[in-house]
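The chains referred to below are lettered A, B, ... by the order of the sequence lines, with proteins before strands, and numbering in each begins at 1.
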Amino acid sequence: MLLAIDTSAGTSVAVVDRGRGVIAERGEADTMRHAEIVGPFILDCLREAKIVPADLSGVVGGMGPGPFTGLRVGIAAARVFALGAGKRLVPVISHDAIAYGHYRRGHVGPLVVVTDARRREIYWSAYSQADAVGLPVRVGPPGLAKPADLDAPTWLHARWPRLDAATVSAGELGLVAELSHAHDRPFAANEPLYLRSPDVTLSNGPKRVSR
Amino acid sequence: MNRTAMNRSDPLVLGIETSCDETGIGIVRGTALLSNTIASSMDEHARYGGVVPEIAARAHLDELVPAINAAVAEAGIRLSDLDAIAVTSGPGLSGALMVGVGAAKALAVALDKPIYAVNHLVGHVGADLLHSRGDVSDSEPLEYPTIALLVSGGHTSLLLVRDLVSDVELLGETIDDAAGEAFDKVARLLSLPYPGGPQIDRVAASGNPKAIRFPRGLSKPKDMAAHRYDFSFSGLKTSVARFVEQRQDAGEPVPISDVAASFREAVVDILLTKALAACADYNVPRLLLGGGVIANARLRQVATERTDAAGVVLRIPPLSLCTDNGAMIAALGAQLIMAGHEPSTLEFGADSTLPVDQIQVSNAAQSLGAP
Ligand SMILES: [Zn+2]
């Protein structure tokens, strides 16, 4: 059993099991309340699944891409929950969960997953198909772009079916981890995918105050 | 879950502090300090001349797990031994606070331990209660009421503390820059590196503090009527800038040591004048200092002289507990537990403007700051 946490869009927490699927899940699309609700969601899911942290075999963290302030809350929670429970942290790319869910619901062939990056930009990942075990095959990296960039006919994945997602399901994130583990696929790096540098401006020295 | 009864007489508490640029993890047992682990991102901010919130928040996420591991190892405990988790809910940088809040809640649920969401500023006062393991030399308890002057790069506040866990009143605070920011900005005017405090201290050592009479903010009678205990440092900074520009325009060398010493004297003077005015007005013969600017040698020296002259007892925690740290957050959590306060519910958030009279954030309704 795995506890999965994702705050790359809204906040989503789930307990999943490879055999039983999604056992408990809580989601909230609001992108302003990650720090408030992540704790109660974890507790709710453990209670609904009738388990204690010791029953888990790992903690799945959604690594994004996602707007930084919210994304960090879930990764901090996943890393520290794993530390506290003495369990392995399993990093998964959040877009993979979105693609996995879409394929599972019947989509076939190429797919571009798009999420909001704020500031009139978007995050995208491109998938060629779901493989034999149902895992999405990512062929284009999680990237950051202007919306118009994806509409350009010259774009590598132009005219691929596109899925705009506003939420990420921690249940699907957890199932991606279960499948990846069962089939010896690599997990993601334990690094947040901000895909953007911090906003900073180097000053040109103090401004004059007298004239 | 079967949570065993909490040890309320000598609780083992882990504190998480991420309100600014220090990732602080502290572990205390009652008032005994077991670990004060700090990972600072200060060097990453140096080239920008001040704390960059997003850089600070990213560093917190990177440093949390290593810092918790280091603190637990130093304290010689297991996480499962803890009685409770304490965490800074505010005030501070919002994105930075959220990292600590998310982590603390996850740790509390993973360990099935109660959580205390506490006020950073009150934590600075709580730092004074800590003593090293086996050290009884400074075991005198903090007496109440006390005036507390908290000075750092993020805050400049004057508090009246009648009781650490139940009655803290904000008397005044800065209406513009924090004192630590003023040091950073003036250091830049003098082409000194960041952080400014130690640099100003260094060059001021050979300067004359009376060479230039820089203004003391909010000290004129009309300002004192409305802002008796408030501080302002932007006018002082502008005055220093004007002085430097005049010398440069005239083609004269800038007397850096004298400027630094005179600027520092102006800051120290106004801080202590207002703090001692509060001691006198409220008839409280105790002054406690906290915050990173307390590392300033001249501030400590003048504080000692003036409190001696005024018959006020001065308390200064060790410098490692004056700068932002997790031990002070753990200490405040332990005090709340020992006083019988119930834990916070899991719904609290990060509140960048948490008022100082809110010592503990207990539920979501209370934690809502600006809508
Ligand atoms: Zn502070």
Side-chain angles (χ1 to χ4, degrees), chain A residues 3 5 7 11 13 32-47 50-54 56 59 61 67-87 89 190-192 194 196-203 205-211, chain B residues 1-2 16 18 45 47-50 52-58 60-62 64-65 68-69 79-80 85 89 94-95 97-113 115 185 188-189 191 237-242 244-246 249 345-350 364 367-368:
Chain A
L3 172 72
I5 302 171
T7 57
T11 303
V13 178
M32 300 299 290
R33 299 186 64 237
H34 302 104
E36 285 86 347
I37 59 188
V38 72
F41 276 8
I42 297 171
L43 191 60
D44 286 352
C45 286
L46 293 176
R47 283 182 176 159
K50 297 191 172 62
I51 59 166
V52 294
L56 295 166
V59 181
F68 11 89
T69 307
L71 175 64
R72 264 192 298 268
V73 174
I75 297 175
R79 285 181 179 172
V80 173
F81 192 100
L83 175 69
K87 304 295 177 183
L89 177 82
N190 183 10
E191 288 296 332
Y194 299 123
R196 217 184 238 147
S197 298
D199 303 306
V200 280
T201 41
L202 272 177
S203 121
K207 287 198 197 78
R208 275 189 73 89
V209 298
S210 43
R211 297 160 38 103
Chain B
M1 296 185 202
N2 306 311
I16 299 179
T18 64
H45 305 285
R47 55 195 296 245
Y48 306 106
V52 180
E54 176 60 21
I55 291 178
R58 289 185 183 193
H60 288 312
L61 181 60
D62 293 340
L64 263 176
V65 167
I68 293 172
N69 280 329
L79 284 171
S80 56
I85 310 297
S89 176
S94 178
L97 287 165
M98 277 186 220
V99 178
V101 168
K105 289 181 181 182
L107 189 60
V109 177
L111 298 169
D112 191 21
K113 305 293 182 188
I115 188 166
K185 288 177 176 175
R188 279 178 59 206
L189 289 172
S191 302
K237 181 202 67 190
T238 304
S239 179
V240 174
R242 194 168 285 127
V244 170
E245 286 166 13
Q246 279 164 2
D249 292 349
T345 54
L346 273 179
E347 287 82 8
F348 68 88
S367 75
L368 290 177

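The contact between A:V209 and chain B is made by backbone and side chain atoms together, counting heavy-atom distances below 4.5 Å. Of the atoms belonging to A:T7, not a single heavy atom falls under 4.5 Å from chain B. Using a 4.5 Å cut-off between heavy atoms, B:V99 contacts chain A through both its backbone and its side chain. The parts of B:L107 that come within reach of chain A are both its backbone and its side chain, each placing non-hydrogen atoms under 4.5 angstrom from that chain. Heavy atoms closer than 4.5 Å to chain A are found in the side chain of B:L79, but not in its backbone. Looking at B:L64, only its side chain comes within 4.5 Å of chain A, counting heavy atoms on both sides.
Residue with the most contacts toward chain A among B:E245, B:Q246, B:M98: B:E245 (heavy-atom pairs, distance under 4.5 Å). Top candidate by heavy-atom pairs under 4.5 Å with chain A, chosen from B:V65, B:V101, B:L346, B:D62, is B:L346. Comparing A:E191, A:R79, A:M32, A:R208 by heavy-atom pairs within less than 4.5 Å of chain B, the highest count is held by A:R208. Of the residues considered (B:A241, B:G95, B:A104, B:A57), B:A57 shows the highest number of contacts with chain A, using heavy-atom pairs under 4.5 Å.
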request  = Kindly indicate, with the supporting measurements, whether the criterion side chain to side chain contact (heavy atoms under 4.5 Å, CB included) is fulfilled by A:F68 and B:R58.
outcome  = CA-CA 9 Å; A:F68 11 89; B:R58 289 185 183 193; 3.2 Å; yes
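Not counting sequence neighbours, B:R242 has no partner by the salt bridge (charged side-chain N to carboxylate O under 4.0 Å, His left out) test.
Residues A:A77 and B:A106 share a closest heavy-atom pair of O-CB, 3.2 Å. Between A:P53 and A:A85 the shortest heavy-atom distance is CB-CB, 4.0 Å. When all heavy atoms of B:E54 and A:P198 are compared, the pair lying nearest together is CG-CB, 3.6 Å.
B:V109 pairs in a side chain to side chain contact (heavy atoms under 4.5 Å, CB included) with only one of the listed residues (A:L43, A:V38, A:L3), which is A:L43.
Note on residues 97-108 of chain B: no pairs pass side-chain hydrogen bond (donor to acceptor under 3.5 Å, both in side chains), not counting sequence neighbours.
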